[in-house]
Amino acid sequence: MKRYALTLVALALAGAAGAAAADTTLTVYTALEADQIKAYQAAFEKANPDIKIQWVRDSTGIVTAKLLAEKNNPKADVIWGLAGTSLGLMAKEGMLEPYAPKGLDQIDPKMRDSAQTPSWVGMDAFAAAVCVNTIEAKKQNLPIPSSWQDLTKPVYAGKIVMPNPASSGTGFLDVSAWLQIFGEEKGWAFMDALHKNIGSYTHSGSKPCNMAAAGEFPIGVSFDYRAAKLKADGAPIEPVFPAEGLGWEVEATAIVKGTKHLDAARKLADFSASREANELYKTNFAVLAIPSVATSNPNLPADLGKRMIENDFVWAATNRDKILAEWTRRYDGKSEPKKK
């Protein structure tokens, strides 16, 4: 009887060990903000208790460069929260596994890859915003800007911080939008004038707004979510949405071609495109892949979507390297040191 009981215990332990071994760990590359990913992970792992997420997180440019460098030996299984232009570039390089997640018909067509079986599917969109510290602006006799062109006025010399587009998706959406808004020649002329007023280029899209909130610079070029959140948290920030129009970017999800965990990766892609996930995204974003889920944010304009330019993502992805090389040649001297 004892031997039979011990055999049952051994079988039970073996079964438990087998179940543990059956758990899948997905390596997920992301540029999502650190204060977002915890909630997203908890909801996904609750719905899929046999799948765990191991994050690799950095700014958009660094994650993009890492993925491209690993093209022939991919380390990631899924990309959850990276710029659509970056994913467009990877789709062009054949690095993504096309997949139509459940509920694809709910997704706004402008928020996904246009192929019938998309290589990437959007989650939400973030738009350019200028964060003005109202206390510092008053103290330094700075007018509140209302347009991009305002930022080139001599009164703002050394007063502005913005993201480096080679390392920040927010920085790249700004630069590519200015080239689309003003045209190539006038766009570079605008950036030449703006450069005279830049104190530093950061390697993070949220950092300029954080620096403005802390009073390190009176003005930070950043994005809507960070501006709205800091204002909601009580920072002396006035979000400004320049009159010429706002550059914007889709945050999206994609499966990396060659993953050894394709079924689990598809479950994550299904979750990312779901209404449940969009309910989470709306905590941080006013523009969502499933428009009917979106609600207004008191610290963002109700017509934010209408202020976003007609963004040519294919053009931006195709010309990304050329744009970044030119930007680096002209302006990189004011970039903050990179992390070691």
A side-chain contact here means heavy atoms from C-beta on lying under 4.5 Å apart; do [X] and [Y] qualify?
| X | Y | result |
| --- | --- | --- |
| F241 | L304 | yes |
| I219 | N133 | no |
| K186 | W178 | no |
| L230 | N210 | yes |
| P236 | I135 | yes |
| L87 | M90 | yes |
| T259 | I255 | yes |
| F182 | E244 | yes |

Under the 3.5 angstrom rule, does the side chain of [X] hit a backbone N or O of [Y] as a donor-acceptor pair?
| X | Y | result |
| --- | --- | --- |
| K338 | S335 | no |
| S274 | F271 | yes |
| K159 | F217 | no |
| S59 | S167 | yes |
| S119 | A91 | no |
| N311 | W248 | yes |
| N297 | A228 | no |
| D303 | K306 | no |
| E249 | G84 | yes |
| H203 | E336 | yes |

key: Geometric cation-pi criterion R57 and Y29, 6.0 Å radius, 45° cone   =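 Not satisfied by the 6.0 Å and 45° rule.
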Nearest atoms (heavy-atom pairs only) where [X] meets [Y]:
| X | Y | result |
| --- | --- | --- |
| L96 | K257 | O-CE, 3.5 Å |
| F172 | I323 | CE1-CG2, 4.1 Å |
| A252 | W120 | CB-CE3, 3.5 Å |
| S176 | W315 | O-CZ3, 3.9 Å |
| E70 | A76 | OE1-N, 4.4 Å |
| L246 | A128 | CD2-O, 3.7 Å |

Hey, any chance [X] and [Y] share a hydrophobic cluster, counting ILVMFWY side chains that come within less than 4.5 Å of each other, even indirectly?
| X | Y | value |
| --- | --- | --- |
| V293 | M111 | yes |
| L142 | M211 | no |
| L262 | M95 | no |
| F223 | I309 | yes |
| W327 | L194 | yes |

State the [atom1]-[atom2] distance between [X] and [Y], to the nearest 0.5 angstrom.
| X | Y | atom1 | atom2 | answer |
| --- | --- | --- | --- | --- |
| N278 | S292 | CG | OG | 8.0 Å |
| I51 | T24 | CD1 | OG1 | 6.0 Å |
| K110 | F313 | NZ | CZ | 9.0 Å |
| L324 | R329 | CG | CZ | 13.5 Å |
| L173 | Q180 | CG | CD | 10.5 Å |
| I144 | D150 | CD1 | CG | 11.0 Å |

Counting only heavy atoms not in [X], do more than 12 fall under 6.0 Å of its [atom1]?
| X | atom1 | answer |
| --- | --- | --- |
| K138 | NZ | no |
| K282 | NZ | yes |
| K75 | NZ | yes |

task = Can you label the angle between the W55 ring and the W80 ring as parallel, tilted or perpendicular, going by 30° and 60°?
result =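 W55 vs W80 ring planes: parallel.
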query = How are the rings of Y40 and Y281 set relative to one another: parallel (under 30°), tilted (30 to 60°) or perpendicular (over 60°)?
reply =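 It falls in the perpendicular class, over 60°.
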task = Go through the steps for V161 and V221 under the test side chain to side chain contact (heavy atoms under 4.5 Å, CB included), then give the verdict.
result = CA-CA 6 Å; V161 61; V221 177; over 6 Å; no
Look at [X] together with [Y] and state whether they make a salt bridge at an N to O cut-off of under 4.0 Å.
| X | Y | answer |
| --- | --- | --- |
| R330 | E326 | yes |
| D263 | K267 | no |
| K66 | D58 | no |

request  = Please step through side chain to side chain contact (heavy atoms under 4.5 Å, CB included) for the pair L104 and R112, ending with a clear verdict.
outcome  = CA-CA 9 Å; L104 182 63; R112 49 159 285 192; 3.5 Å; yes
R320 vs T64, side chain to side chain donor-acceptor pair (under 3.5 Å): CA-CA, chis, key distance, verdict = CA-CA 12 Å; R320 187 174 189 276; T64 302; 4.5 Å; no
ask   = Could you walk me through whether T27 and V256 pass the side chain to side chain contact (heavy atoms under 4.5 Å, CB included) check?
value = CA-CA 10 Å; T27 299; V256 177; over 6 Å; no
query = Could you walk me through whether I160 and L151 pass the side chain to side chain contact (heavy atoms under 4.5 Å, CB included) check?
reply = CA-CA 8 Å; I160 302 170; L151 297 181; 3.9 Å; yes
task = Verify the distance criterion only: is there a donor paired with an acceptor across the side chains of S168 and N164 at less than 3.5 Å?
result =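 No, no side-chain donor-acceptor contact under 3.5 Å.
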task = For T202 and S204, test the side chains for any donor-to-acceptor distance below 3.5 angstrom and give the result as yes or no.
result =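 Their side chains do not contain a donor-acceptor pair, so the 3.5 Å distance test is not met.
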ask   = Which is it for K229 and D224 under the salt bridge (charged side-chain N to carboxylate O under 4.0 Å, His left out) test, yes or no, and what are the steps along the way?
value = CA-CA 8 Å; K229 187 171 191 312; D224 57 341; over 6 Å; no
request  = Establish, yes or no, whether a centroid distance under 6.0 Å links the rings of Y201 and H195.
outcome  =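 So the answer is yes for these two rings.
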ask   = Do F126 and Y225 have ring centroids that are under 6.0 Å from one another?
value =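 Y225 vs F126: aromatic centres not under 6.0 Å.
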message = Here's a test for you: under side-chain contact (heavy atoms from CB on, under 4.5 Å), which of D270, L268, V28, L280 qualifies with F44?
response =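 It is L268; the other options fail the test.
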task = Walk me through it: do Y331 and D192 pass the test side chain to side chain donor-acceptor pair (under 3.5 Å)?
result = CA-CA 8 Å; Y331 314 125; D192 286 344; 2.7 Å; yes
